[in-house]
Amino acid sequence: MQQGPDLPGLHSELGATPEEIVRAWEAHSNGAPAQWFWVVRREPGSGRYVHDLLQWGLIPNWVKDPGVWPKPINARCEGIQSKPAFRDAYRSRRCLVPIDLFFEWMRIRDEGGKPVKGPKQPYAIAVKNRLPYAVAGLWESWIDRASGRITRSFAIVTCEANALVGQIHDRMSVIIAPENFNRWLDNIEPDPFDLMVPYPPERMEIWPISTRVNNVANNDADIAAAV
DNA sequence: CCAGACGTTGTT
DNA sequence: GTCTGG
DNA sequence: CCAGACGTTGTT
DNA sequence: GTCTGG
């Protein structure tokens, strides 16, 4: 769930043009891959922090045909330094994605550990104050050789779940605390690996929500209501 | 050398 | 079963 | 992640 | 673009 571009503790300026915003932005109560989200980056030249709209699903610049490229929405932090699809962006194109919530689906298993049939139970995951928070991202530009058009895209870094999120799922998004925003965004350090760790469970909360979240057409704020 | 992969989650 | 679209 | 499609010839 | 596998 993303309601806007703001992050507590970080002032950023608008990078997108008004036309781009009109064309691409809508509130994401139930955000999905391939949609356009506010992403905060730092301009290397000016040092300004800017927010603009990037597409969820990473397309590295060397991809020939985005139609067949898997466009990963997540990047596992394990091995992120060396994987061809992530390493360049990790070294020099890190970003923050401002969100209020993310969702995970609990795998229901029986006593023997086998998955049970039927829909999984979705959960909302937030930090305790319910303010927007920042998850770690990587971004890339892809240039269409034919048209010259540039597509900017991003993926969200994941790590092992902490004790709280681990109750429902084995992975979670990497949350960057405000005091570490600059280290992640400035792209000076080539490998800030110590930031890609599970956020402290005592600063988070999770609650079950309706399976209405399973349909992206249900894009209202009530999607995160506890059930 | 060329061809083909380059990813995740979840499941086996 | 597997891929695409959101 | 989940939901929904998964096809052709020919016509508008 | 760059690495791995054959």
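Below, chains carry the letters A, B, ... as their sequence lines are ordered, and counting in each starts from 1. No experiment lies behind these values; they were computed from the predicted model shown.
- Using bins of under 30°, 30° to 60° and over 60° for the plane-to-plane angle, the ring pair A/W38/A/H51 lands in the perpendicular bin.
- D/dC1 sits 14 Å from B/dT12 when the P atoms are compared, rounded to a whole Å.
- The shortest distance between the side-chain N/O atoms of A/K120 and the OP1/OP2 oxygens of D/dC2 is below 4.0 Å.
- Taking side-chain N and O atoms only, A/N215 has no distance below 4.0 Å to OP1 or OP2 of D/dA3.
- Each of B/dG7, B/dT11, C/dG6 was ranked by its minimum atom distance to the side chain of A/P72; first place goes to B/dG7.
- One finds a side-chain N or O of A/R171 lying less than 4.0 angstrom from the OP1 or OP2 phosphate oxygen of B/dT9.
- Ring pair A/H28/A/F37: centre-to-centre distance below 6.0 Å.
- Summarising the geometry, the separation between OH on A/Y123 and P on D/dC2 is reported as 15 Å, rounded to the nearest angstrom.
- Heavy atoms of A/D170 sit under 4.0 angstrom from primed sugar atoms or phosphate atoms, though from no base atom.
- Ring-base stacking between A/W62 and B/dC6 is satisfied, the centre separation being under 5.5 Å and the plane angle under 30°.
- Within 6.0 Å of the CD atom in A/Q3, the count of heavy atoms belonging to other residues, nucleotides or ligands exceeds 12.
- Formation of a donor-acceptor pair under 3.5 Å by the A/R93 side chain with backbone atoms of A/W139 is found in this model.
- In this structure, A/W56 places its CH2 atom 14 Å from C1' of B/dG7, rounding to the nearest Å.
- Nucleotides E/dC3 and B/dG7 place their P atoms 13 Å apart, quoted to the nearest Å.
- Residue-level contact check: A/A75 touches the backbone only, with heavy atoms under 4.0 Å from sugar-phosphate atoms and none from bases.
- Under 4.0 angstrom from either OP1 or OP2 of B/dT9 there lies at least one side-chain N or O belonging to A/T158.
- For B/dT11 and D/dA3, the P atoms lie 14 Å apart once the distance is rounded to whole Å.
- Relative ring orientation between A/W62 and A/W69 is described as perpendicular, the plane-to-plane angle rising above 60° on a 0-90° scale split at 30° and 60°.
- A/D144 contributes no side-chain N or O that, together with a main-chain N or O of A/R149, makes up a donor-acceptor pair within less than 3.5 Å.
- Here the C1' atom of nucleotide B/dT8 and the CD1 atom of A/I156 are 13 Å apart, to the nearest Å.
- Here D/dC1 presents its C1' atom at 17 Å from CG of A/L58, a figure rounded to the nearest Å.
- Counting only Watson-Crick and G-U wobble pairs whose two distances sit under 3.5 Å, DNA chain B takes part in these stems of three or more pairs: B:1-6 with E:1-6.
- Using a distance-only test at 3.5 Å, with no hydrogens or angles considered, a donor-acceptor pair links the side chain of A/N187 to the main chain of A/R94.
- For C/dT2 and B/dT8, the C1' atoms lie 15 Å apart once the distance is rounded to whole Å.
- When distances run from any side-chain atom of A/I73 to the nucleotides C/dG6, D/dC1, B/dT9, the shortest one goes to D/dC1.
- Considering only side-chain atoms of A/W105, the nucleotide from E/dG1, D/dC2, C/dG6 that sits closest is D/dC2.
- Here the side chain of A/Q2 pairs a donor or acceptor atom with the backbone of A/P98 at under 3.5 angstrom.
- Taking side-chain N and O atoms only, A/R87 has no distance below 4.0 Å to OP1 or OP2 of E/dT2.
- Rounded to whole Å, atom C1' of D/dC1 lies 9 Å from atom CG of A/N74.
- In this structure, A/K64 places its NZ atom 12 Å from P of B/dA3, rounding to the nearest Å.
- Rounded to an integer number of Å, the gap from A/R91 CZ to E/dG1 P is 16 Å.
- Contact annotation for A/A85: backbone-only contact, meaning every heavy-atom pair under 4.0 Å involves sugar-phosphate atoms and none involves a base.
- Note on A/F103: nothing from the nucleic acid sits closer than 4.0 angstrom, heavy atoms only.
- For the pair A/K71 and C/dT4, the criterion of a side-chain N or O lying under 4.0 Å from OP1 or OP2 is not met.
- Atom P of nucleotide B/dT9 and atom CD of A/E104 are separated by 9 Å, given to the nearest angstrom.
- Although no hydrogens or angles enter the test, the distance criterion places a donor-acceptor pair under 3.5 Å between the side chain of A/K71 and the main chain of A/P66.
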